[in-house]
Amino acid sequence: MKIMGSNIAALGILTTILNPISAIAQNMSYGADNFYRSNNVTIHPISFPTQYRTTVAGNLFIPDTLTTNTSTPAIIIGHPMGAVKEQSANLYATRLAETGFITLSLDLPFWGASTGQPRNAVSAELYAEAFSAAVDYLGSPHQTIANVDRARIGALGICGSGGFLISAAKLDPRIRAIATASMYDMGAVSRNGLQASQSVEARMEVIAQAAEQRWTEVDNDGGEVQYTGGTVDELLVNSTAVEREFYDFYRTVRGEVTPRGSTPELTTHPTLSSNTKFMNFYPFNDIETIAPRPMLFVAGDQAHSREFSEDAFARAGEPKELVWVSEAGHVDLYDRTELIPFDRIERFFREGLV
Ligand SMILES: *[C@@H]1O[C@H](CO)[C@@H](O)[C@H](O)[C@H]1NC(C)=O
Ligand SMILES: *[C@@H]1O[C@H](CO)[C@@H](O)[C@H](O)[C@H]1NC(C)=O
Ligand SMILES: *[C@@H]1O[C@H](CO)[C@@H](O)[C@H](O)[C@H]1NC(C)=O
Ligand SMILES: *[C@@H]1O[C@H](CO)[C@@H](O)[C@H](O)[C@H]1NC(C)=O
C-alpha cells in the first residue's frame with residue numbers, strides 16, 4: 001500500500017482497518033421505534049412473585065378506552081434473550097394494548113429489574129416460570145389494577161422468550177394462545193450453533209470452559225463473574241452480518257438501555273458458568289401437547305434464526321400458523337413497526353382468546 005502521511009483519506013481507511021468502527025449510525029429504517037409510547041395506553045409498573053419466591057418486575061399496559069369494568073383478555077410479552085422489557089417487549093405490549101387488550105411485559109429472572117443472583121444467570125426453567133407467574137398475577141383476586149378475564153390469557157415471546165414461552169405453555173394450559181416473533185431455540189443454538197455449525201467437540205470445549213470457571217469461582221470464594229456470548233461490544237471490519245445486526249439494536253440509540261443495577265455493555269451477555277444450562281433445554285420436545293391451543297410463529301424470511309420457527313412449526317399440533325415477513329431479518333422484528341405484522345398478531349389473539 002502506498003500511503004503517504006499527508007493523505008487524510010487513506011489515513012482514514014487505515015484507521016478504520018486498525019480500530020473498532022465507532023460512531024456508526026444506527027439503521028432506523030422501516031419505522032424502527034423501540035421506545036414508542038402511546039397516548040391512549042396507561043403504564044403501571046408492577047412486580048409479582050414466582051413459584052420459587054423470586055420477584056419478577058413488569059409493566060401492565062391498560063387501554064384508556066377500558067372505561068367500563070368489564071373482564072378483558074390479557075397478553076403477556078417476553079423480551080429477547082439477554083435483554084430487558086424495555087427492549088422490544090414494551091413496544092409489542094403497547095401496540096397490542098392500543099387494540100384493546102390488557103398487556104403485561106416482564107423482565108426475565110436474573111435480568112432487568114427482576115430479582116435473582118448472580119445477575120445475567122441462565123435458567124431456562126426459571127425463565128419459563130416467569131410466564132406462569134405472570135398468569136398467576138393477572139388472574140389473582142389480589143390484583144386490583146386491571147380486570148383480567150383469567151380464562152382468556154395469552155402470551156407472546158420474542159427471540160429466546162419464544163422458546164421459554166413454549167416451554168411454559170406445555171405445563172400451563174392457562175396460557176390459552178401462544179405466539180412467537182423471531183423465535184430462537186436457545187437450547188439448539190447452544191448445542192449446535194446456527195444451522196448445525198458447531199461440532200460436538202466444540203460444544204464439549206464450551207462445557208469444559210464453564211466447568212473450569214466453576215472451579216475458579218469456588219477457589220476464590222465466588223470469584224469474579226465471567227460473561228460470555230451475546231452482542232459484540234464493538235464492530236470490527238471483519239464483524240459478521242449477524243454481529244452487525246445485533247450491534248445495530250443493542251449498542252446504538254436505536255435500542256440501547258441501561259438496565260437497573262447493570263450497565264448497557266452487559267446487556268445480552270450471560271454468565272459463562274451458567275450459559276451451558278441451555279444445552280439441557282429442549283423446548284420443542286412435546287410441543288404437540290400444547291394443541292388444541294392455537295400457536296402463531298412470526299419470523300422474517302431473511303432471518304438468520306428462521307430454522308427455529310420452521311422446526312417448532314413443523315412439530316406443533318393444530319391449529320398453528322407460520323407467518324413469514326417478507327424481506328425482514330431477525331432483529332427487524334424487535335422494533336421495525338412497518339415490518340412487524342401487528343394486525344396479524346392482534347387477529348390471532350382476538351380469535352384465540354375467546
Ligand atoms: C437497514 O435495515 C433494513 C431492514 O433490515 C435493510 O433493508 C437495509 O438494507 C438497511 N440499510 C443499511 C444501510 O444497512
Ligand atoms: C370490577 O369487577 C370485578 C369483578 O367483576 C370486581 O371484583 C371489582 O371490584 C370491580 N372493580 C370496580 C372498580 O368496580
Ligand atoms: C390508540 O392510538 C393509536 C395510535 O394513534 C390508534 O391506532 C389506536 O386505534 C388507538 N386505540 C384506541 C383504543 O383508541
Ligand atoms: C475479527 O478479528 C479479530 C482479531 O483482529 C478476532 O479476535 C475476531 O475473532 C475476528 N472476528 C470474526 C468474526 O472473525
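Scope of the values below: all heavy atoms of this structure, side chains included, with no hydrogens, waters or symmetry mates. One is the number of the first residue; the rest follow in order along the sequence. All ligand and atom numbering here is 1-based and tracks the order in the structure.
In terms of polar-atom proximity, Glu98 is counted as a contact of ligand 3, with an N or O under 3.5 Å from an N or O of the ligand. Residue-to-ligand polar distances place Asn40 within reach of ligand 3: an N/O pair is separated by less than 3.5 Å.
Each of the following atoms of ligand 3 lies closer than 4.0 Å to a heavy atom of Thr65: 13 (C), 14 (O). Within ligand 4, the atoms closer than 4.0 Å to a non-hydrogen atom of Asn238 are 1 (C), 2 (O), 3 (C), 8 (C), 10 (C), 11 (N), 12 (C), 13 (C), 14 (O), numbered from 1 in the order shown. Within ligand 4, the atoms closer than 4.0 Å to a non-hydrogen atom of Thr240 are 13 (C), numbered from 1 in the order shown.
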Could you pull out every donor-acceptor pair under 3.5 Å between side chains of residues 91-101 and any protein atom, sequence neighbours left out?
from: Tyr92; atom 1: OH; to: Leu333; atom 2: O; distance (Å): 2.6
from: Thr94; atom 1: OG1; to: Asn90; atom 2: O; distance (Å): 2.6
from: Glu98; atom 1: OE2; to: Tyr36; atom 2: OH; distance (Å): 2.5
from: Glu98; atom 1: OE2; to: Ser38; atom 2: OG; distance (Å): 2.7
from: Thr99; atom 1: OG1; to: Leu96; atom 2: O; distance (Å): 2.7

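Separation of atoms CZ (Phe48) and OG (Ser140) is listed at 11.5 Å; rounding is to 0.5 Å. Rounding to the nearest 0.5 angstrom, the gap separating the CD1 atom in Ile340 from the CD1 atom in Ile345 is 7.0 Å. Between the CH2 atom of Trp111 and the NE2 atom of His79 there is a distance of 8.5 Å, given to the nearest 0.5 Å.
Ser88 pairs by the side chain to side chain donor-acceptor pair (under 3.5 Å) definition with nothing, not counting sequence neighbours. Contacts of Glu245 classified as side chain to side chain donor-acceptor pair (under 3.5 Å), with partners at least two apart in sequence or in another chain: His304.
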Pairs under 3.5 Å, nitrogen or oxygen of ligand 1 with protein nitrogen or oxygen:
from: ligand 1; atom 1: 2 (O); to: Asn27; atom 2: OD1; distance (Å): 3.4
from: ligand 1; atom 1: 2 (O); to: Asn27; atom 2: ND2; distance (Å): 2.3
from: ligand 1; atom 1: 2 (O); to: Ser29; atom 2: OG; distance (Å): 3.2
from: ligand 1; atom 1: 5 (O); to: Asp332; atom 2: OD1; distance (Å): 3.0
from: ligand 1; atom 1: 5 (O); to: Asp332; atom 2: OD2; distance (Å): 2.9
from: ligand 1; atom 1: 11 (N); to: Asn27; atom 2: ND2; distance (Å): 2.9

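Residues Arg174 and Asp136 are paired through a salt bridge, judged by an N-O separation under 4.0 Å between the basic side chain and the carboxylate.
When each of Asn285, Asp286, Thr180 is tested with Ile166 by the rule side-chain contact (heavy atoms from CB on, under 4.5 Å), just one qualifies, namely Thr180.
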